[in-house]
Amino acid sequence: MNESRLKIAVQRSGRLSDATLQILERCGLKINPSKNKLITHVKNMPIDILFVRDDDIPGLVMEGFVDLGFVGENTMQEVSLQRAKFGENALFENLIKLDYGHCRLSLATPEENQYINIRSLEGSRIATSYPYLLGEFLKKEGVSAKIVHLTGSVEVAPRAGLADAICDLVSTGVTLEANGLREVEVMLRSSATLVQRMDIAPGPDKELIARLIVRIKGVIKARESKYIMLHAPLDKVDAIIDILPGAEKPTILPLAGSDKQVAIHAVSTETVFWETMESLKKLGGSSILVLPIEKMLE
Ligand code: PRT
Ligand code: ZN
């Protein structure tokens, strides 16, 4: 087989794995999710999926061993800084910011400690799995502190007497609270992202990537959108369209057997709240349906 196959790296097992496989499947890739294998051939497209640790994805992309990677921006930025420091190639292209894996990289201190501003950390010890992002942040703020590099269990470092503060990922804040810590600075807001190796020459690989990008954007847009259908009095159509959230160019259809009522169909790109539905009803709307959209191509 000498056909060239696009190589995509995804996290083998962790917080990004399920959402990444779901987005690829929604893009039409038939993946046999045997995660015990390092590599899986997509059956219906010339694509191979590599299942790896998330920390390995930036390097695989930057070295050109894979064409695309689904990874957290936090990981991408940390590894970039690390590689640049060691004189290694740290170039890649950011293709799409994805709608999952949201978190922030934050500094947190024990609740009982006084914290006024970043200067409060001068001379302290900060535990983190992100020594390069933290080092850069402290340098920019002009604070000198000792960075304690831990690869896990960062949140217990203050209680264990290993550090005075931590720098770690936060999403709900439950972990910080459970460990008596308070978030004091947000250093970075992150989500999952699709990255590409540099300089892919024009050809089938590049064309396939372009198609994938359109499909991924369509999946994300569809997830954010809803299809709204309702019946409305003819004389209230304008008022109703005014309050439909983010709806462009609605379709107005006649209703069989009625010359005073029409059906309105619209795609809304925003959340449709109960309050909006209640307002539609007050304007005379009835049979109001809000439906999920599976795919969207613009
Ligand atoms: O095994 P592998 O190396 O592949 O995985 P991993 O253990 O290094 O990473 P994993 O699966 O935990 O996270 C993968 C990516 O998910 C991260 O790089 C982020 O981009 C993203 N992400 C989003 C998160 C979180 N949210 C998150 N909350 N990664 C980790 N956390 C951890 C955080 O470190 C802390 O321990 O969850 C805890 C805090 O969560 P809350 O909800 O209590 O605030
Ligand atoms: Zn990891």
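Order of appearance sets the numbers: ligands from 1, and atoms from 1 within every ligand.
- Against a heavy-atom cut-off of under 4.0 Å, Gly72 is close to the following atoms of ligand 1: 20 (O).
- In this structure, the protein non-hydrogen atom closest to atom 18 (O) of ligand 1 is Asn74 ND2, 2.9 Å.
- Residue Ile200 forms a side chain to side chain contact (heavy atoms under 4.5 Å, CB included) with just one option from Leu208, Leu6, Asp205, and that option is Asp205.
- At a 3.5 angstrom cut-off on N or O pairs, Leu16 does not count as close to ligand 1.
- Between the choices Asp54, Asp56, Thr172, the shortest heavy-atom distance to atom 9 (O) of ligand 1 belongs to Asp54.
- Looking at atom 28 (N) of ligand 1, its nearest protein heavy atom turns out to be Ser171 OG, 3.0 Å.
- Atom CD of Glu177 is surrounded by 12 or fewer heavy atoms from other residues, nucleotides or ligands within 6.0 Å.
- Taken together through direct or relayed side-chain contacts under 4.5 Å among Ile, Leu, Val, Met, Phe, Trp and Tyr, Phe92 and Leu60 form part of one hydrophobic cluster.
- For atom 34 (O) of ligand 1, a protein heavy-atom neighbour is found at a distance under 4.0 Å.
- At the top of the distance list for atom 39 (C) of ligand 1, counting protein heavy atoms only, stands Thr175 OG1, 3.4 Å.
- Residue Val290 is not grouped with residue Met296 when hydrophobic side chains (ILVMFWY) are merged at heavy-atom distances under 4.5 angstrom, including chains of intermediate members.
- Contact annotation: for Asp168 versus ligand 1, heavy atoms closer than 4.0 Å belong to the side chain alone.
- Counting all heavy atoms, side chain and backbone alike, Val10 lies closest to Ile57 at C-CD1, 3.8 Å.
- Judged purely by atom type and a 3.5 angstrom limit, Ser129 uses its side chain to pair as donor or acceptor with the backbone of Leu150.
- For atom 26 (N) of ligand 1, the closest heavy atom belonging to the protein is Cys103 CB, 3.4 Å.
- Within 6.0 Å of the CD atom in Glu294, the count of heavy atoms belonging to other residues, nucleotides or ligands does not exceed 12.
- At least one N/O-N/O distance between Gln11 and ligand 1 falls below 3.5 Å.
- Closest to atom 30 (C) of ligand 1, if we only count protein heavy atoms, is Arg15 NE, 3.4 Å.
- Heavy-atom contacts of Thr75 reach the following atoms of ligand 1: 18 (O) (cutoff under 4.0 Å).
- Ranking protein heavy atoms by distance to atom 2 (P) of ligand 1, first place goes to Arg53 NE, 3.2 Å.
- Close to ligand 1: His102, with a non-hydrogen atom less than 4.0 angstrom away.
- Cluster partners of Val214 are Leu297, counting Ile, Leu, Val, Met, Phe, Trp and Tyr whose side-chain heavy atoms approach within less than 4.5 Å, directly or via other members.
- Close approach of ligand 1 to Gly14 is summarised as follows: ligand atoms under 4.0 Å from at least one heavy atom of the residue are 11 (O).
- The proximity of Val170 to ligand 1, defined as any non-hydrogen pair under 4.0 Å, involves the side chain as well as the backbone.
- Any N or O atom pair closer than 3.5 Å counts here, and Glu73 shares no such pair with ligand 1.
- Looking at every heavy atom in both residues, Val61 comes nearest to Arg197 through O-CB, 3.2 Å.
- His231 and Ser287 get closest at one heavy-atom pair: ND1-OG, 4.0 Å.
- Listed by chain and number, Asp54 OD1, Asp55 OD1 are the protein N/O/S atoms closer than 2.8 Å to the Zn ion (ligand 2), with waters left out.
- Using a 4.0 Å cut-off between charged side-chain N and carboxylate O, Glu63 and Arg83 make a salt bridge.
- Closest approach of Met187 to Leu134, counting heavy atoms only: CE-CA, 3.8 Å.
- Nearest heavy-atom pair, Asp259 versus Leu234, reported as atom, atom and distance to 0.1 Å: O-CD2, 3.7 Å.
- Screening Asn44, Leu24, Ile47 for a side chain to side chain contact (heavy atoms under 4.5 Å, CB included) with Ile31, the sole residue that qualifies is Leu24.
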